[in-house]
Each structure stands twice: as C-alpha cells, then as structure tokens.
Amino acid sequence: MPASVEEKLKAYRKKKEEDRISARRKDALTYLFSLQWLKELLTASPSPETITEDYNSDTNLNSEDKETHEADIDNSENIDDTVKDEGYMSWYFFIIKLLLWLVLQAIFVELEFGAVFFIISGFYLMFTNMGKRRQGEASAYSVFNPNCESIDGTLTAQQFENEIRHRNIQR
C-alpha cells in the first residue's frame, strides 16, 4: 500500500511540474506575440527606487518630506493602467501591428484562407474595441442605468408621440 501512495505522489508532482512548464510556455508565447517585449524595450522608464534616489540626491529634504515623497511614489504604482499612450510610441506599435497583420493576411491569401482570416480579424477588432464605461457613466441603453434613466438626446416613445400629434414639446 505505501508504495502505491508514493507512486501516486510522484505522478502528481510530475503532472504539476508539467503544468507549471506549460503555463510558463504559454506566458512566454503571449509575451512574445503581444509585442509587450518591444513596448518595454522602447518605453523603458526608470524604476521608482531610481527616481527616489535621484530626487533625494538633488534636493535637500527633511525626513518628513522624504517620507511623503516616497509614499507618493508608492501610490503612483497603483495608478490605473488603462490610460492609453498618447505619444509617438503608440503610433509605432500601431504600424508594427498593422504590418504584422498585412503579412499574415498575405500568407492566408496564399493558403486560400484570406477571407476567413479577414472575417476573424474583423470579429477580433470588434471584440477588443468594445470599450468599458467609467464608474458612474450612464449606459446608452436606459435599462442598464439606475431607475432606467435615459441619457440626454434619447428619443422616447412619449416624445415621439407628441411630435407626431403636433403637441407642445415638454422639456
């Protein structure tokens, strides 16, 4: 009996190790194909520790100001990452991704799957660009808003009926 438990434990550990290796490969491929490595290479910024050292060496701060400054740097790491790059780097990434897509499109056209690739690309673009609403922002569909409130400029059935019957428009 103990031998079978040891064998099961050995098999379990082997399976866990294979899963871990598989997950690392998947992460590495995602990192490679998402061009994240290129973005990190081109937009390398100094670490918060380097900024703190430079700031403290350039200015003579008392200990209370230094603690406040270090707390600000720690809090800056928690800033929402959804802010988009507004500089020239975003254009570089766009051009690189577009060129990659054109090369893939040409390859799939040669393989006679160009239309399929184009349609799947369209669905991918629609899915990834759906966007997200900010906290407190009203939805265009009133049923998703609190108290079913509609946004400004929405044509309601009551307003439509008043316009058809030439009644006074209520605002």
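Because the structure is predicted, anything quoted here is derived from the model rather than measured.
- For Glu110, the side chain to side chain contact (heavy atoms under 4.5 Å, CB included) test picks out no residue, with sequence neighbours left out.
- Contact of the Phe108 side chain with the Val116 side chain is not registered, since no non-hydrogen atoms from C-beta on lie closer than 4.5 Å.
- Atom CD of Glu161 and atom CD1 of Ile164 lie 9.0 Å apart (nearest 0.5 Å).
- Every side chain to side chain contact (heavy atoms under 4.5 Å, CB included) that Ile96 has, sequence neighbours left out, goes to Leu35, Leu38.
- Grouped by direct or indirect side-chain proximity (heavy atoms under 4.5 Å, Ile/Leu/Val/Met/Phe/Trp/Tyr only), Val109 sits alone.
- Applying the side-chain hydrogen bond (donor to acceptor under 3.5 Å, both in side chains) criterion to Tyr124, with sequence neighbours excluded, gives no partner residue.
- Phe118 pairs by the side chain to side chain contact (heavy atoms under 4.5 Å, CB included) definition with Trp101, Gln105, not counting sequence neighbours.
- Annotation: side chain to side chain contact (heavy atoms under 4.5 Å, CB included) contacts of Arg13 (sequence neighbours excluded): Leu9.
- Leu102 CG to Ile95 CD1: the interatomic distance, rounded to the nearest 0.5 Å, is 11.5 Å.
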Donor-acceptor pairs are to be reported for all side-chain atoms of residues 18-27 against protein atoms at under 3.5 Å, with residues two or more places apart or in another chain.
unit_1	atom_1	unit_2	atom_2	d
Asp19	OD2	Lys15	NZ	3.4
Arg20	NE	Glu17	OE1	3.4
Arg20	NH2	Glu17	OE1	3.0
Arg20	NH2	Glu17	OE2	2.3

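- Grouping the Ile, Leu, Val, Met, Phe, Trp and Tyr side chains by contacts below 4.5 angstrom, directly or via other members, places Leu125 apart from Phe117.
- To the nearest 0.5 angstrom, Phe93 atom CZ is 13.5 Å from Leu100 atom CG.
- Other members of the hydrophobic cluster containing Ile119, listed by chain and number, are Phe123, Met126; membership follows side-chain contacts under 4.5 Å among ILVMFWY residues, whether direct or relayed.
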